[in-house]
Amino acid sequence: MAKKQMDKATIRERIARRAEKEIVSGSYVNLGIGMPTMVANYIQDGKQVVLQSENGLLGIGKSPLKKEVDPDLINAGKETVTAQKGASYFSNAESFAMIRGEHLDLAILGGMEVSVTGDLANWMIPGKMIKGMGGAMDIVHGAKKIVIIMDHVNKHGEPKILNKCNLPLTGKSVVNRIITDRAVIDVVEDGLILIEVAEGWTIDEVIQSTEPKLKISEDIRTGTY
Amino acid sequence: MAKKQMDKATIRERIARRAEKEIVSGSYVNLGIGMPTMVANYIQDGKQVVLQSENGLLGIGKSPLKKEVDPDLINAGKETVTAQKGASYFSNAESFAMIRGEHLDLAILGGMEVSVTGDLANWMIPGKMIKGMGGAMDIVHGAKKIVIIMDHVNKHGEPKILNKCNLPLTGKSVVNRIITDRAVIDVVEDGLILIEVAEGWTIDEVIQSTEPKLKISEDIRTGTY
Amino acid sequence: MKMIYTSFDDAVSDINDGSTIMVGGFGLVGIPENLILALVDSEVKHLTVISNNCGVDDWGLGLLLKNKQIDKMIGSYVGENKEFERQVLSGELEVELTPQGTLAERIRAGGSGIPAFYTPAGVGTPIAESGEIREFDNREYLLQTALKADFSLVRAAVGDQDGNLVYNKTAQNFNPMMAAAGKVTIAEVEQLVETGTIDPNHVHTPGIYVQRLIEGKQEKRIERLTIRDEA
Amino acid sequence: MKMIYTSFDDAVSDINDGSTIMVGGFGLVGIPENLILALVDSEVKHLTVISNNCGVDDWGLGLLLKNKQIDKMIGSYVGENKEFERQVLSGELEVELTPQGTLAERIRAGGSGIPAFYTPAGVGTPIAESGEIREFDNREYLLQTALKADFSLVRAAVGDQDGNLVYNKTAQNFNPMMAAAGKVTIAEVEQLVETGTIDPNHVHTPGIYVQRLIEGKQEKRIERLTIRDEA
């Protein structure tokens, strides 16, 4: 599909489907509010995944049928959910003990900006009403692997992957991997490595739309998603 | 009963019975290992008391009948117990959160030495094998009121209430009241106040067997226990 | 041994102007609905409220907000309504934002006699600007202090006459830590049962933390109804 | 999703010389009896053991002690047997004594990503001599750091195939915090059940903390049998 014709929903689905590949069977995962929550819809059959919700649930199930709705059972996005077999409920203190204590294998979160050193900004825009960071500042220091999913550029076409974040940070040196509509980029010791390019984009286009210099992986693959 | 004729068991019972009077109906209480545990035997009918055991039980009941014994249910002294109606079980972390967070109204503990400023020593004698402080160092900072029960003098007849403890401390400025076989003494801002004298002893004998200068309460009572 | 109330107004009648209160719940789930309504009725003012969120326009803590009873809000995610924004911008309402895990742990610390602890959350961000950073094992952490309250308002599914509480599913959330961190903890329970009914292994909040109990019926409003179709 | 073992020897086979292990239990209550026996069989040496107590002469951690498998013991109340005393006095065994509440909280911190916290316990006593004191609200507190382990050996009454654990009565004690503080947590359960059997509201240790499970029968020795007569 040509990139120009892709609507916003299709792009989000593309990113979510690529992010799903980050989830290893048998792992414990926290999905952020918004686009990350969508990732759950694309988890492949046969993959055993336990999703954690920071409001106190390990083992998020599907959305409830109308008759199953329990107002006492929501996810961190305040949506009604169900609980998987083998689930457990606990307090927010226990939930963040679990998060902060590095028991989760992976967190997939949204991003506004990511820097060349893995700094993440995703919670406030100065001048706009500040609603709060919720659990993001804890989660970025907790999960063993932090994957950020976001658009590659902002609505003005400017890079969101930067030498230095302009927005106030959520966490410093916390991001391991960035997945955008255009590319998959890893944050490593000495910078950023481009490892995948999405269908409809070229390596050069990704380089052009990314502020920091990108190293190109020896195993780079294009058109993977 | 004349003091000379009282055997050790009788003296311990006398102290325990006096200590029981410290327990207000409706209160939450921790009783230390040894003589303090005995206090539970003398709780008056009609007093509602919830005893806490630092190994994770709120609501210690009576000793079990032989047929009731559950090896998974013990108190902090490792004795088999039962649980009262309305009891709850929890981890040691929660138990000491409860203790440290000042939720208990009273702790009654044993003592080796108490100082004029309310310092307590009750966990080690240098040169002897050190077994550990168990929960005592936490409890002395936790309960709203700390009552120490002990003999007034040691086996050499020397005071155990001192200007300064010789033994390593369990806690500094933690004791509120001392109950011995001879007297009840309160630790206040500017020293010690004698408030009760046990049967068979005189105010003067108590003063003589106590190292720090004792103030005498205006409401002092003698022969109260 | 506990004060059992039948009037929500009576249960909160000694919450005075200027009090600091903790209110359980995550979004609208697990909030003490009727205790909040009673606070609205009481017209108490200048409250400092510690709660993860601040309700919505016409429900939960949003009602106290609309009634201008809150001077300061400590939470992790607030401002889901226009009135909140208006009051913040006009300076009527002070807000202290805390990462959610830090908020939960500060409240746990408050009930546990821990005056302060270190956490990685917030290092390198605006919330660490006035804070104290310290390294342990070559990693930076931020010092955070305990939170306590004059009154904690919590909600449980079941409570017994001795104050033992059991929560239902994700309605547990902040309630257990707040129950422990309040000088006076008032529990609104869906069902008040006789002591001895709850299995001691299943108690979430031991009765020692609860001073007052009251049974009530909740609306349990749903913020974001999400359902799937029958396959 | 978890490793389910049928041999206790296999369950502990990768605990190597020099490992730091946490072992649940208070006295002999709630100890992972069969895992300890397997460690004795394994002849692993130079262990650092974190446990509230150190068993008795012929049971629990006392067996590892007798077999000289422990180099260092971190606990709150130890030395209930002569061999312990002998090894300490001869310098064969190093002991670190910690107040019980501090021990419990240090282990909780280890599993919770809290590197350090302040507690009043120990201020003004020998254990604060090399410690760091700090005032909060005009009261002195002692800094304490987190404890973690290479392996945690815990015991539960019931465990399911996903690692969720439920403890019985006071056999809970140190087990939940240790389950969270071990890099690898091995749970000895009295009963292993199918996933879905345990009510999610009743889970004490969520399965995420447990890597290995094994079902076994315990002797449950009683240290101090105290009974009352039929009235």
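Numbers restart at 1 for each chain; the letters A, B, ... are given by sequence-line order, proteins then strands.
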Exercise for the section: Using modelled atom types only, decide if a donor and an acceptor are shared between the side chain of A:His141 and the backbone of D:Gly113 within a distance under 3.5 Å. Expected result: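 A pair under 3.5 Å: no.
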State, to 0.1 Å, how close [X] and [Y] come at their nearest heavy-atom pair, and which atoms those are.
X        : Y        : answer
D:Thr195 : A:Lys85  : O-CE, 3.2 Å
A:Phe90  : D:Pro206 : CD2-CG, 3.8 Å
A:Ala97  : D:Tyr209 : C-OH, 4.2 Å

Completion exercise
Counting heavy-atom pairs under 4.5 Å with chain D, the top scorer among A:Gly59, A:Ala87, A:Ala93 is A:Ala87
Handout entry: Verdict with reasoning, A:Leu104 to D:Ile208, per side chain to side chain contact (heavy atoms under 4.5 Å, CB included)
Key = CA-CA 8 Å; A:Leu104 294 174; D:Ile208 193 171; 3.7 Å; yes
Problem - side-chain contact (heavy atoms from CB on, under 4.5 Å), paired with A:Ser88, selected from D:Val203, D:Asp162, D:Thr205 - result: D:Val203
Heavy-atom neighbours of [X] [atom1] exceed 12 at 6.0 Å:
X        : atom1 : value
A:Glu218 : CD    : no
A:Lys66  : NZ    : no
A:Lys172 : NZ    : no
A:Lys62  : NZ    : no
A:Asp190 : CG    : yes

Quick check for you: to the nearest 0.5 Å, what is the distance between [X] atom [atom1] and [Y] atom [atom2]?
X        : Y        : atom1 : atom2 : value
D:Lys148 : A:Glu102 : NZ    : CD    : 6.0 Å
D:Ser112 : A:Glu94  : OG    : CD    : 7.0 Å
D:Asn201 : A:Asp72  : CG    : CG    : 9.5 Å

